[in-house]
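None of the values given here were measured: they were computed from a predicted structure. Each ligand, and each atom within it, is numbered from 1 in the order the structure gives. The first residue of the sequence shown is numbered 1, and numbering continues consecutively from there.
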Amino acid sequence: MEKISVKVCLGTTCFVMGGANLQELVDIIPRKYGDKVEVAGSPCLGMCSIQWNYSKAPYVKIDDDIIEEATVEKVLEAIDTKLGSK
Ligand code: FES
């Protein structure tokens with residue numbers, strides 16, 4: 001099974017919009033999913049500049065899917081859904 005890749009945006013916009021909390025994911029994900037999921041911080045994913053006027057930051061990317069207004073719960077839920085469907 002391929003690993004799921006999770007990229008937590010650590011760019012300024014996402015960081016100030018709540019992304020700071022998302023750094024917990026870097027600890028939680030390996031503990032919860034072991035080597036099934038790879039998690040890393042990422043520089044600006046480019047989403048904030050596309051949607052600057054109705055920003056849905058913070059963003060997290062899971063494989064090719066973007067999670068808007070990401071929270072720890074939303075991200076874990078999305079990972080669970082993906083693991084269930086693979
Ligand atoms: S700072 Fe997160 S998408 Fe730009």
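Hydrophobic cluster membership is shared by Ile67 and Val26, with clusters built from Ile, Leu, Val, Met, Phe, Trp and Tyr side chains linked at under 4.5 angstrom. Linking ILVMFWY side-chain heavy atoms closer than 4.5 Å, directly or via other members, places Val75 and Leu83 in a single hydrophobic cluster.
Here the closest non-hydrogen pair linking Ile62 and Ala78 is CD1-CB, 3.6 Å.
With contacts defined as side-chain heavy-atom distances shorter than 4.5 Å, the pair Cys9/Lys7 does not qualify.
In summary, Glu38 and Lys3 engage in a salt bridge, as defined by a charged side-chain N under 4.0 Å from a carboxylate O.
Between the Asp63 side chain and the Ile4 main chain, no donor and acceptor come within less than 3.5 Å of each other.
For atom 2 (Fe) of ligand 1, protein N/O/S neighbours under 2.8 Å (waters excluded) are Cys9 SG, Cys14 SG.
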